[in-house]
Amino acid sequence: MEGKGSSLVHLLVIVLSLTAFGFAIAAERRRSTGTFRIDEATNRTYCVYSSDVATGYGVGAFLFLLSSESLLMGVTKFMCFGRPLAPGGNRAWTIIYFVFSWMMFLVAEACLVAGAKNNAYHTRYRHMVLAENFSCESLRKGVFIAGAVFVVATMILNIYYYVYFTKATNQAAHKTKRSSSTVGMTGYA
(Lines give C-alpha, C1' and ligand atoms only; values in the text may rest on other atoms or scores of the structure.)
Protein backbone atom coordinates (compact mmCIF):
# COMPACT_ATOMS: atom_id res chain seq x y z
CA MET A 1 0.00 0.00 0.00
CA GLU A 2 2.94 2.31 0.59
CA GLY A 3 4.02 4.36 -2.39
CA LYS A 4 0.79 3.84 -4.31
CA GLY A 5 -1.99 6.39 -4.43
CA SER A 6 -4.72 4.13 -3.18
CA SER A 7 -8.29 5.13 -3.95
CA LEU A 8 -9.36 3.11 -0.92
CA VAL A 9 -7.26 5.32 1.37
CA HIS A 10 -8.74 8.45 -0.21
CA LEU A 11 -12.24 7.06 0.17
CA LEU A 12 -11.78 5.97 3.79
CA VAL A 13 -10.25 9.28 4.84
CA ILE A 14 -13.11 11.19 3.20
CA VAL A 15 -15.84 8.92 4.62
CA LEU A 16 -14.43 8.93 8.15
CA SER A 17 -13.91 12.69 8.10
CA LEU A 18 -17.38 13.41 6.73
CA THR A 19 -18.87 11.12 9.37
CA ALA A 20 -16.99 13.11 12.01
CA PHE A 21 -18.35 16.29 10.42
CA GLY A 22 -21.89 14.92 10.57
CA PHE A 23 -21.52 13.96 14.22
CA ALA A 24 -20.17 17.44 15.05
CA ILE A 25 -23.14 19.11 13.33
CA ALA A 26 -25.53 16.76 15.15
CA ALA A 27 -23.85 17.58 18.46
CA GLU A 28 -24.31 21.30 17.83
CA ARG A 29 -27.98 20.84 17.04
CA ARG A 30 -28.58 18.70 20.14
CA ARG A 31 -26.66 20.74 22.73
CA SER A 32 -28.20 20.56 26.17
CA THR A 33 -30.17 23.58 27.31
CA GLY A 34 -31.23 24.47 30.81
CA THR A 35 -34.66 25.45 32.03
CA PHE A 36 -35.69 26.85 35.39
CA ARG A 37 -37.63 24.71 37.81
CA ILE A 38 -38.97 25.58 41.20
CA ASP A 39 -38.92 23.02 43.96
CA GLU A 40 -42.42 23.20 45.42
CA ALA A 41 -41.39 21.88 48.83
CA THR A 42 -38.51 24.27 49.49
CA ASN A 43 -39.42 27.05 47.01
CA ARG A 44 -35.88 26.97 45.58
CA THR A 45 -35.05 27.55 41.93
CA TYR A 46 -32.76 25.18 40.07
CA CYS A 47 -31.83 24.25 36.51
CA VAL A 48 -32.92 21.12 34.70
CA TYR A 49 -30.98 20.27 31.57
CA SER A 50 -32.14 18.46 28.47
CA SER A 51 -30.64 15.19 27.26
CA ASP A 52 -26.94 14.41 27.08
CA VAL A 53 -26.96 13.13 23.49
CA ALA A 54 -24.72 15.97 22.22
CA THR A 55 -21.89 14.68 24.38
CA GLY A 56 -22.12 11.29 22.67
CA TYR A 57 -22.17 12.92 19.25
CA GLY A 58 -19.13 15.03 20.16
CA VAL A 59 -17.22 11.98 21.34
CA GLY A 60 -18.27 10.13 18.18
CA ALA A 61 -16.96 12.97 16.01
CA PHE A 62 -13.71 12.90 17.99
CA LEU A 63 -13.30 9.14 17.45
CA PHE A 64 -14.12 9.22 13.72
CA LEU A 65 -11.64 12.03 13.10
CA LEU A 66 -9.03 10.24 15.19
CA SER A 67 -9.52 7.05 13.18
CA SER A 68 -9.22 8.99 9.91
CA GLU A 69 -5.97 10.59 11.01
CA SER A 70 -4.65 7.30 12.40
CA LEU A 71 -5.43 5.50 9.14
CA LEU A 72 -3.61 8.08 7.04
CA MET A 73 -0.62 8.28 9.35
CA GLY A 74 -0.43 4.49 9.48
CA VAL A 75 -0.44 4.23 5.70
CA THR A 76 2.15 6.97 5.25
CA LYS A 77 4.11 5.86 8.32
CA PHE A 78 4.06 9.40 9.72
CA MET A 79 6.15 10.47 6.72
CA CYS A 80 9.28 9.65 8.75
CA PHE A 81 9.47 5.87 8.57
CA GLY A 82 9.52 3.83 5.39
CA ARG A 83 10.71 4.97 1.99
CA PRO A 84 12.41 8.36 1.88
CA LEU A 85 10.81 11.21 0.02
CA ALA A 86 12.59 12.34 -3.13
CA PRO A 87 13.94 15.89 -2.96
CA GLY A 88 11.94 18.49 -4.80
CA GLY A 89 8.69 20.37 -4.80
CA ASN A 90 6.55 17.34 -3.97
CA ARG A 91 8.51 16.71 -0.79
CA ALA A 92 8.18 20.37 0.21
CA TRP A 93 4.40 20.29 -0.32
CA THR A 94 4.18 17.00 1.56
CA ILE A 95 5.88 18.53 4.58
CA ILE A 96 3.74 21.68 4.43
CA TYR A 97 0.48 19.73 4.21
CA PHE A 98 1.64 17.33 6.93
CA VAL A 99 2.32 20.16 9.39
CA PHE A 100 -0.88 22.08 8.64
CA SER A 101 -3.06 18.98 8.68
CA TRP A 102 -1.75 18.12 12.14
CA MET A 103 -2.40 21.66 13.35
CA MET A 104 -5.98 21.55 12.06
CA PHE A 105 -6.45 18.07 13.49
CA LEU A 106 -5.35 19.16 16.96
CA VAL A 107 -7.63 22.22 16.90
CA ALA A 108 -10.59 20.14 15.68
CA GLU A 109 -10.06 17.51 18.36
CA ALA A 110 -9.70 20.21 21.03
CA CYS A 111 -13.00 21.81 19.98
CA LEU A 112 -14.80 18.47 19.96
CA VAL A 113 -13.43 17.35 23.33
CA ALA A 114 -14.08 20.72 24.96
CA GLY A 115 -17.63 20.80 23.62
CA ALA A 116 -18.38 17.26 24.77
CA LYS A 117 -16.87 17.89 28.21
CA ASN A 118 -18.71 21.16 28.81
CA ASN A 119 -21.98 19.76 27.51
CA ALA A 120 -21.68 16.76 29.81
CA TYR A 121 -20.85 18.99 32.77
CA HIS A 122 -23.89 21.20 32.27
CA THR A 123 -26.15 18.22 31.74
CA ARG A 124 -25.12 16.10 34.69
CA TYR A 125 -24.80 18.62 37.49
CA ARG A 126 -27.76 20.54 38.80
CA HIS A 127 -27.15 23.52 41.00
CA MET A 128 -29.46 24.86 43.66
CA VAL A 129 -29.27 28.63 43.50
CA LEU A 130 -30.75 31.00 46.04
CA ALA A 131 -29.98 34.18 44.10
CA GLU A 132 -32.63 36.23 42.37
CA ASN A 133 -30.94 36.69 39.01
CA PHE A 134 -29.20 33.69 37.56
CA SER A 135 -29.13 31.81 34.31
CA CYS A 136 -28.88 28.15 33.49
CA GLU A 137 -25.43 27.85 31.96
CA SER A 138 -25.15 25.89 28.77
CA LEU A 139 -22.52 25.21 26.16
CA ARG A 140 -21.81 28.27 24.04
CA LYS A 141 -23.17 28.09 20.51
CA GLY A 142 -20.60 27.31 17.87
CA VAL A 143 -18.13 25.10 19.75
CA PHE A 144 -19.12 21.99 17.82
CA ILE A 145 -19.49 24.04 14.62
CA ALA A 146 -15.89 25.23 15.01
CA GLY A 147 -14.88 21.60 15.44
CA ALA A 148 -16.82 20.68 12.30
CA VAL A 149 -15.10 23.41 10.27
CA PHE A 150 -11.69 22.22 11.41
CA VAL A 151 -12.70 18.61 10.62
CA VAL A 152 -13.33 19.63 7.00
CA ALA A 153 -10.08 21.60 6.87
CA THR A 154 -8.23 18.56 8.24
CA MET A 155 -9.84 16.32 5.64
CA ILE A 156 -8.84 18.60 2.76
CA LEU A 157 -5.28 18.97 4.01
CA ASN A 158 -5.01 15.21 4.58
CA ILE A 159 -6.09 14.50 1.00
CA TYR A 160 -3.49 16.91 -0.37
CA TYR A 161 -0.89 15.50 2.00
CA TYR A 162 -1.55 11.97 0.75
CA VAL A 163 -1.48 13.04 -2.91
CA TYR A 164 1.87 14.81 -2.56
CA PHE A 165 3.26 12.06 -0.34
CA THR A 166 2.45 9.54 -3.06
CA LYS A 167 4.12 11.72 -5.70
CA ALA A 168 7.20 12.23 -3.54
CA THR A 169 7.63 8.51 -2.80
CA ASN A 170 7.09 7.44 -6.40
CA GLN A 171 9.34 10.11 -7.87
CA ALA A 172 12.83 8.96 -8.73
CA ALA A 173 15.58 10.80 -6.93
CA HIS A 174 17.84 12.84 -9.16
CA LYS A 175 21.35 11.49 -8.92
CA THR A 176 24.39 13.38 -10.05
CA LYS A 177 26.92 11.69 -12.28
CA ARG A 178 30.35 12.50 -10.99
CA SER A 179 33.46 10.59 -11.83
CA SER A 180 35.08 11.41 -8.51
CA SER A 181 34.30 13.07 -5.26
CA THR A 182 34.32 16.85 -5.23
CA VAL A 183 35.61 16.93 -1.66
CA GLY A 184 39.30 16.30 -1.73
CA MET A 185 41.77 15.60 0.99
CA THR A 186 44.83 15.73 -1.27
CA GLY A 187 46.33 18.75 0.43
CA TYR A 188 46.68 16.79 3.67
CA ALA A 189 48.17 13.61 2.32
Side-chain angles (χ1 to χ4, degrees), residues 1-28 55-118 142-189:
M1 212 174 207
E2 180 188 33
K4 297 178 183 175
S6 173
S7 299
L8 180 61
V9 172
H10 285 284
L11 182 67
L12 286 174
V13 167
I14 290 171
V15 167
L16 290 170
S17 296
L18 289 179
T19 304
F21 174 78
F23 271 91
I25 296 297
E28 179 67 28
T55 300
Y57 286 147
V59 170
F62 171 85
L63 292 174
F64 275 106
L65 185 60
L66 181 65
S67 61
S68 171
E69 192 78 10
S70 298
L71 169 76
L72 188 61
M73 292 304 134
V75 168
T76 62
K77 297 182 181 174
F78 285 95
M79 191 180 66
C80 300
F81 308 106
R83 292 176 52 190
L85 302 177
N90 290 331
R91 180 171 73 176
W93 282 112
T94 300
I95 293 168
I96 290 168
Y97 285 125
F98 177 81
V99 169
F100 282 108
S101 74
W102 267 99
M103 288 177 12
M104 294 297 125
F105 169 74
L106 293 174
V107 172
E109 294 289 58
C111 288
L112 295 171
V113 166
K117 178 200 155 289
N118 288 339
V143 174
F144 287 118
I145 293 295
V149 168
F150 284 108
V151 164
V152 171
T154 302
M155 177 188 73
I156 292 168
L157 290 170
N158 280 343
I159 294 300
Y160 279 112
Y161 161 67
Y162 186 63
V163 166
Y164 281 99
F165 175 83
T166 303
K167 288 180 182 179
T169 54
N170 288 337
Q171 175 181 330
H174 301 290
K175 294 186 178 183
T176 58
K177 295 180 179 165
R178 296 184 181 129
S179 59
S180 64
S181 174
T182 58
V183 178
M185 300 294 283
T186 58
Y188 298 105

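Starting from 1, each residue takes its place in the sequence as its number.
- A donor-acceptor contact shorter than 3.5 Å is absent between the side chain of S101 and the backbone of N158.
- In terms of heavy-atom proximity, A146 sits nearest to C111 at CB-SG, 4.0 Å.
- At a threshold of 4.5 Å between non-hydrogen side-chain atoms, the residues Y162 and V9 count as touching.
- Atoms CZ and OG1, from F81 and T76 in turn, are 11.0 Å apart once rounded to the nearest 0.5 Å.
- Judged by distance alone, with hydrogens and angles left aside, the side-chain atoms of T19 form a donor-acceptor pair with the main-chain N or O of V15 at under 3.5 Å.
- The side chain to side chain contact (heavy atoms under 4.5 Å, CB included) with L72 is formed by just one residue from the set F78, Y161, F98, F105; it is Y161.
- Put simply, the side chain of L16 does not reach to within 4.5 Å of the side chain of L65, judged on heavy atoms.
- Between I159 and H10, the shortest heavy-atom contact is CD1-ND1, 3.8 Å.
- In this structure, L157 CG and F150 CZ are separated by 11.0 Å, a value rounded to the nearest 0.5 Å.
- Here the side chains of E69 and L66 are not in contact, with every heavy-atom distance at 4.5 Å or above.
- The shortest side-chain heavy-atom distance between I96 and Y164 does not fall under the 4.5 Å cut-off.
- Atom OG1 of residue T94 and atom NZ of residue K167 lie 9.5 Å apart, to the nearest 0.5 angstrom.
- Heavy-atom minimum distance, A116 versus F144: N-CZ, 3.5 Å.
- Of all non-hydrogen atoms in A27 and Y57, the two that sit nearest each other are CB-CB, 3.6 Å.
- Between L12 atom CG and S17 atom OG the span is 10.0 Å, to the nearest 0.5 Å.
- In terms of heavy atoms, A148 sits closest to I25 at CB-CD1, 3.9 Å.
- The aromatic rings of Y97 and Y160 sit parallel, their planes meeting at an angle under 30°, below the 60° perpendicular limit.
- For the pair N170/R83, a side-chain contact is recorded, criterion being any heavy-atom separation below 4.5 Å from C-beta on.
- A distance of 10.0 Å separates CG in L85 from OG1 in T166, rounded to the nearest 0.5 Å.
- Side chains of M73 and W102 form a contact here, defined as non-hydrogen atoms less than 4.5 Å apart.
- Listed here is the closest heavy atom pair of A108 and G147: CB-O, 3.9 Å.
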